[in-house]
Colleague: 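Mind having a look at this structure? Questions to follow.
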Amino acid sequence: MKKSAVDIKKNTIQKIQKSLARWYQKNRLDLPWRKTDDPYRVWISEVMLQQTRIETVIPYYNRFMDKYPEIKFLAESDLQSVLKIWEGLGYYARARNMHKAAQIICEKFQGRLPDTREGLLKLPGIGEYISAAIASISFRIPAAVVDGNVKRVLARLFMDSTPTNDTGRKNLFESYAAKLLDQDQPGDFNQAVMELGQRICRPGNPICSDCPVQEFCKVFQTNRIDQYPVRVDRKSVPLKKMNYAIVFQGKKCLLLRRPAKGLLGGLWELPGYEQHHRTAPGKQLENMICRMTGIRIRVEEKIGTVSHAYTHFKVAANVYLCFYKSGEICLNGPTEHQWILPAEIHHYPCHKLIHKIFPMLHGLANQDE
DNA sequence: AAACCGGGGAG
DNA sequence: CTCCCAGGTTT
């Protein structure tokens, strides 16, 4: 018989399950999405929680449920409104996929989420993690979730040196999680492991003294906690130099909408471009704006700089005050344009960098000619 | 398998 | 500053 890569004693598994269940029952946080096991609410919360911390998600989740208390309201809403609710959460494809999935669920399944993993997996934006979360929490299906928290807990518990961020070894951690899963309480078990990872088995300075599975944890018992989990190095991120233009025509300035897909898809922003060469930014800005929008502008003055960090690159941007000169709008790249009063910026979903730029206008003497 | 896709909090 | 997060999709 082929020996399983993951081999844990059955007795040990049951003890770990019992300790975790007791700890979770006593210590679980009272989170908004835990007031019910309604699959719609579980789904929305899990989408928001992707790569995003609980404290960040809570106010977004509450605003979302105020506006879309039932799935049909979400399905009938327009994407622009959904993006506005999502503004600042990041990974905007999540909102796009979720909106699309809501429409599919309402059109094909009478507004009810599929109650199988296979059915859930067919929906846009629902992958292995979210399908397992909904299936286990809402439908009591024994599917183990594997997220960053779970992998860290497992790597420490079983002192496994497999890098937790190596996509090629995902299978190993899925095996551990499946073996350990409490078949009778899959939803509570999954949430217990994740909450343990979040609050006790933290990446740095884990609180092992409060850990309910301390006696089973191999790295604790051998005093090697600081050596786990093992992770592969990430490469350093490049710095991009950008130039942005606030182009005024009278009291209004030009706002552009990014293409629906890709980076910051569907969000609004100021005209701008990445500066690849060390040429004079003034003339280059004028030319790039013309290429993007069809209009000619005059660059008045540089009014400040902003910086922002993404996962894969950093941005250092100059911001220029500009004035419309001539020409009709003819978009090349952006999908829409709008002339707006600066105070109206809050009606449009924009990314973080844009919200760092607009406050610069407050101290400016005179914006219009 | 690897790249792409945001933003924020902790240390 | 660096690190990492209740991942999914695309290439």
Side-chain angles (χ1 to χ4, degrees), chain A residues 28-29 31-34 41-61 83 86-98 100-101 120-134 136-137 143-153 163-171 173-174 177 187 189-199 201-206 226 229 231-239 258-267 269 307-315 349-356:
Chain A
R28 61 179 279 175
L29 294 173
L31 301 170
W33 47 88
R34 284 186 179 162
R41 272 145 226 274
V42 173
W43 170 41
I44 300 302
S45 69
E46 295 296 352
V47 174
M48 288 184 171
L49 285 163
Q50 282 179 45
Q51 304 299 103
T52 310
R53 303 185 123 73
I54 289 172
E55 299 72 30
T56 305
V57 166
I58 289 173
Y60 280 92
Y61 176 85
L83 283 174
W86 209 265
E87 182 183 39
L89 261 187
Y91 285 111
Y92 298 94
R94 292 185 291 176
R96 200 167 60 237
N97 289 330
M98 178 192 65
K100 180 67 183 169
L120 290 163
L121 278 167
K122 289 197 180 84
L123 294 165
I126 297 187
E128 297 198 3
Y129 169 80
I130 293 183
S131 64
I134 298 172
S136 65
I137 296 170
V145 299
V146 180
D147 73 337
N149 285 315
V150 173
K151 284 187 284 189
R152 185 175 56 255
V153 169
T164 53
N165 59 342
D166 180 353
T167 55
R169 301 303 302 278
K170 205 179 59 160
N171 192 285
F173 291 98
E174 288 168 354
F189 175 87
N190 282 333
Q191 294 183 85
V193 180
M194 290 191 284
E195 189 160 331
L196 185 77
Q198 181 227 339
R199 297 170 60 193
C201 198
R202 306 180 299 196
N205 301 319
D226 55 338
R231 294 177 63 89
V232 297
D233 291 342
R234 65 169 56 197
K235 41 193 172 184
S236 60
V237 298
L239 176 68
R258 296 177 65 93
K261 294 187 176 180
L263 183 70
L264 305 164
L267 270 62
E269 65 176 1
S307 59
H308 190 68
Y310 296 93
T311 310
H312 297 285
F313 61 94
K314 296 177 182 177
V315 174
C350 299
H351 55 270
K352 192 68 185 178
L353 204 43
I354 301 306
H355 285 302
K356 291 179 181 176

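Below, chain A is the first sequence line, B the second, and so on; all start at residue 1.
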Colleague: Out of C:dA6, C:dC4, C:dG7, which nucleotide sits closest to the side chain of A:Arg231?
Modeller: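 Closest nucleotide to the A:Arg231 side chain: C:dC4.
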Colleague: What integer distance in Å separates A:Arg53:CZ from B:dG9:P?
Modeller: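 From A:Arg53 CZ to B:dG9 P: 9 Å.
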Colleague: With nearest nucleotide decided by heavy atoms, which residue, A:Ala93 or A:Arg202, maps closer to the 5′ end of DNA chain B?
Modeller: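 Final value for this comparison: A:Ala93.
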Colleague: Under 4.0 Å between any heavy atoms, over every strand shown, what does A:Leu89 touch: base, sugar-phosphate, or nothing? Just pick one.
Modeller: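 A:Leu89: base contact, heavy atoms under 4.0 Å.
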Colleague: Once you apply a heavy-atom cut-off of 4.0 Å, does A:Arg152 come out as touching a base, just sugar-phosphate, or nothing?
Modeller: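 The residue A:Arg152 makes sugar-phosphate contact but no base contact.
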Colleague: Between A:Arg152 (side chain only) and A:Gly197 (backbone N and O only), is there a donor and an acceptor less than 3.5 Å apart?
Modeller: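 Yes; judged by distance alone, with no hydrogens or angles, the pair exists.
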Colleague: Distance check, C1' atoms only: C:dA6 and B:dA3, in whole angstrom units.
Modeller: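 These two C1' atoms come out 23 Å apart once rounded.
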Colleague: What is the distance from CZ of A:Arg199 to P of B:dG9, rounded to the nearest Å?
Modeller: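 My rounded result for the distance is 19 Å.
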Colleague: Between C:dT2, B:dA2, C:dA6, which one does the side chain of A:Lys314 approach most closely?
Modeller: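 Nearest listed nucleotide: C:dT2.
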Colleague: In whole Å, measure the gap between the C1' atoms of C:dG8 and B:dG9 for me.
Modeller: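 To the nearest whole Å, 23 Å.
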Colleague: Pick the nucleotide of DNA chain B nearest each of A:Gly204 and A:Thr167; which residue has the one closer to the 5' end?
Modeller: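 Result of the comparison: A:Thr167.
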Colleague: Select one nucleotide: of B:dG6, C:dG8, B:dC5, the one nearest the side-chain heavy atoms of A:Gln50.
Modeller: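 The answer is C:dG8, which lies nearest to the side chain.
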